[in-house]
Amino acid sequence: MPELPEVEVVRRGLAEWVTGREIASAEVLHPRAIRRHLPGAHEFAARLRGRLVKSAERRGKYLWLPLSGPEEALLAHLGMSGQLLVVDPAAPPEKHLRVRLRFADGGPDLRFVDQRTFGHVMLTRLAGGVPEPIAHIAPDPFEGSFDEVRFATALRAKKTEIKRALLDQSLISGVGNIYADEALWLARLHWARPTQTLTRPKIAELVAAVREVMGAALQQGGTSFDSLYVNVNGESGYFDRSLEVYGRRELPCSRCGTPIRREPFMNRSSYYCPKCQRRPR
DNA sequence: CGACTCTCCTGGGTGC
DNA sequence: TGCACCCAGGAGAGTC
């Protein structure tokens, strides 16, 4: 499940393998993959043809490729199963190939492959360097523009539980279900803790925990990254080795040995240590 | 308007 | 072996 660290690994791969190249054609193999590109597949392809990829950028879980010409970018969100692959143009189409870009230099394709089609790509205008559809998303905690004081103030004004707030991309972007659980464990906070009861020092501790778990994941994601295969999947690197609570129901907490608990949360799961992370009363 | 739920999707796993 | 069902998840749409 790609969250910020996995998307950053993809961004680095794209920066290396796609930057500076001219798009020769775009082929949409599944309309759902461009459902947020309202003008449709034909217009999508026509507007991409002949454009140069200038760079590869990211905010939270979104990434985008600014293009030559008008201030526009190819924007992508990987959803939960999306991959952006850099592959030999002669390679056979992947089973879940949704969008295929060919380049004028005859080099590797950029292919958007997505089994569950929660991800999407679109061509969109840039406003101040940020794609318009994600203008409402807050900076992620690795950006210089992330304002910790502003975040703490907004968090304390919310009437909700801390985990809901962590997943709210308008407060802080890039955190998904896995790293939310991991960061809450590290900061010793129960997922249901009301945001209004959090002190500013505790919020600072939580932000540090978010940076810690995602930074560690990024380092491990980077080590398993094959440069010619820009890949994202839930099995690589970090996922098997370093998770402390996520997916570890009944396994002992590494701090205190108490069995990790799983609870339903927003039609999915929250994992936590019932001793280290006391439930609010 | 804020807080919350619903919905989209596929395939691996499970139980009968 | 087949089949029904559950589960995973982000985020926009919809509800109250």
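Proteins get letters first, then strands, A, B, ... in listed order; numbering begins at 1 in each.
A salt bridge does not link A:Asp140 with A:Lys61: none of the charged nitrogens is closer than 4.0 Å to a carboxylate oxygen. A salt bridge links A:Glu43 with A:Arg47: at least one charged nitrogen is closer than 4.0 Å to a carboxylate oxygen.
When every heavy atom of A:Pro274 is checked against every heavy atom of A:Thr258, the shortest pair comes out as CG-CG2, 3.7 Å. Between A:Glu244 and A:Trp185, the shortest heavy-atom distance links the atoms CG-CZ3, 3.5 Å.
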**Asked** Nucleotide by nucleotide, 5' to 3', does protein get under 4.0 Å of the base (B), only the sugar-phosphate (S), or neither (-) in nucleotides 3-13 of chain B, counting heavy atoms?
**Response** SSS--BBBS--
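Taking atom CG of residue A:Leu171 and atom P of nucleotide C:dA11, one finds them 13 Å apart after rounding to whole Å.
One finds a side-chain N or O of A:His136 lying less than 4.0 angstrom from the OP1 or OP2 phosphate oxygen of C:dG12. Not one side-chain nitrogen or oxygen of A:Arg36 sits closer than 4.0 Å to the OP1 or OP2 atom of C:dG10. OP1 or OP2 of C:dA11 has at least one side-chain nitrogen or oxygen of A:His77 nearer than 4.0 Å.
Within a 6.0 Å sphere centred on CZ of A:Arg200, heavy atoms belonging to other residues, nucleotides or ligands number more than 12.
Using bins of under 30°, 30° to 60° and over 60° for the plane-to-plane angle, the ring pair A:Tyr62/A:His77 lands in the perpendicular bin.
Taking the C1' atoms of five terminal pairs at each end of the helix from B:dG2-C:dC16 to B:dC16-C:dG2, the two resulting helix axes are inclined by 50°, rounded to 10°.
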